There are 2 protein chains.
Amino acid sequence: MKNVLKVLRARNDWSQEVLSNKLGVSRQTINAIERGKYDPSLPLAFKIARLFGTSIEDIFEFSE
Amino acid sequence: MKNVLKVLRARNDWSQEVLSNKLGVSRQTINAIERGKYDPSLPLAFKIARLFGTSIEDIFEFSE
DNA sequence: AAATAATGTAAAGTTTGCTTGACATTATAA
DNA sequence: TTATAATGTCAAGCAAACTTTACATTATTT
């Protein structure tokens, strides 16, 4: 699954640490998601979408 | 997190087992999600939304 | 160039999603 | 009413998401 988290984060000029704090997760979790090491949980995906004022589908692209 | 999975499934007249087969998960997983025992992973949420031809946000309601 | 900030990565541990197998309960059909 | 289908639930186990700690590498300032 691809995602544009890094783009959205850059657009807001936030470091991974700042973003992780806003979301209540660790910096490593943000790093892992951005680098595609794993997908976020559904609750975290909702938090991310809410923070950036968009939909889950606009941030994450599901691929079989 | 609330969801309307049971409603969508009923609308299609599918049993939990039939739905689980269509999604490639176990019947117990469907049962647990419908009963709110836990949330699906993000990939599974995408599969569910795709199967019912709607968005994740229209099926799952995030609450804190 | 040196200091600092940001990012990448790894190991070990906890929690959550999901599995199989088994059995109990409830609804539907014969 | 008896059989069968559907749903609920539990236990044990595996895998994925996430944590903390720690350190290495890459950018960015000063």
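Lettering follows sequence order; numbering is per chain, from 1. Quick caveat: nothing in here was measured; it's all calculated off a predicted structure.
- We find that CG of B/Leu44 is positioned 14 Å from C1' of C/dT16, with the value rounded to whole Å.
- With a 4.5 Å cut-off on side-chain heavy atoms, A/Pro43 and B/Met1 count as touching.
- By the 4.5 Å heavy-atom criterion applied to side chains, B/Phe60 and A/Leu42 are counted as neighbours.
- With sequence neighbours excluded, the residues forming a ring-ring contact (aromatic ring centres under 6.0 Å, His included) with A/Phe46 are B/Phe62, listed by chain and number.
- Per the geometry, CE belonging to B/Met1 stands 12 Å off C1' belonging to C/dG17, to the nearest Å.
- Between A/Phe60 atom CZ and D/dA17 atom C1' there is a gap of 13 Å when expressed in whole angstrom units.
- Counting only heavy atoms from C-beta outward, the side chains of B/Leu44 and B/Thr29 approach each other to under 4.5 Å.
- Taking atom CH2 of B/Trp14 as the reference point, atom P of D/dA5 lies 21 Å away to the nearest angstrom.
- Between B/Asn31 and D/dT7 there is no side-chain N or O to OP1 or OP2 distance below 4.0 Å.
- One finds the CG atom of A/Leu8 at 9.5 Å from the CG atom of A/Leu19 (value rounded to the nearest 0.5 Å).
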Review item, nucleotides 23-28 of chain D N/O atoms under 3.5 Å of protein N/O:
none

Problem set entry | Verdict with reasoning, A/Val25 to A/Ile33, per side chain to side chain contact (heavy atoms under 4.5 Å, CB included) | CA-CA 11 Å; A/Val25 295; A/Ile33 294 171; over 6 Å; no

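- When the nearest nucleotides of DNA chain C are assigned to A/Lys6 and B/Thr29 by heavy-atom distance, the more 5′-ward of the two goes with A/Lys6.
- Taking side-chain N and O atoms only, B/Arg35 has no distance below 4.0 Å to OP1 or OP2 of D/dT7.
- Distance CD (A/Glu34) to C1' (C/dT9): 15 Å, rounded to an integer number of Å.
- Looking at every heavy atom in both residues, A/Ile30 comes nearest to A/Ser20 through CG1-CB, 3.6 Å.
- In this structure, A/Gln16 reaches the C/dG8 phosphate: one of its side-chain N or O atoms is under 4.0 Å from OP1 or OP2.
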Pairs under 3.5 Å (N/O, protein and nucleotides 11-13 of chain C):
none

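- Residue contacts for A/Ser41: at a heavy-atom cut-off of 4.0 Å it reaches the sugar-phosphate backbone alone, with no base atom in range.
- When distances run from any side-chain atom of B/Asp39 to the nucleotides D/dC10, C/dG17, D/dT19, the shortest one goes to C/dG17.
- As a whole-Å value, the separation of A/Asn21 CG from D/dC18 C1' is 15 Å.
- Summarising the geometry, the separation between NZ on B/Lys47 and P on C/dG17 is reported as 16 Å, rounded to the nearest angstrom.
- Taking atom CD on B/Glu17 and atom C1' on C/dT19, their separation rounds to 14 Å, with Å as the unit.
- With hydrogens and angles disregarded, a donor-acceptor distance shorter than 3.5 Å links the side chain of B/Asn3 to the backbone of B/Leu5.
- Taking 4.0 angstrom as the limit, A/Ser26 places a side-chain polar atom (N or O) nearer than this to OP1 or OP2 of D/dT19.
- Across all strands, B/Ser15 comes closer than 4.0 Å only to sugar-phosphate atoms, never to a base (heavy-atom distances).
- With contacts defined as side-chain heavy-atom distances shorter than 4.5 Å, the pair B/Lys47/B/Leu51 does not qualify.
- Checked by atom type and distance alone, the side chain of B/Arg9 pairs as donor or acceptor with a backbone atom of B/Trp14 at under 3.5 Å.
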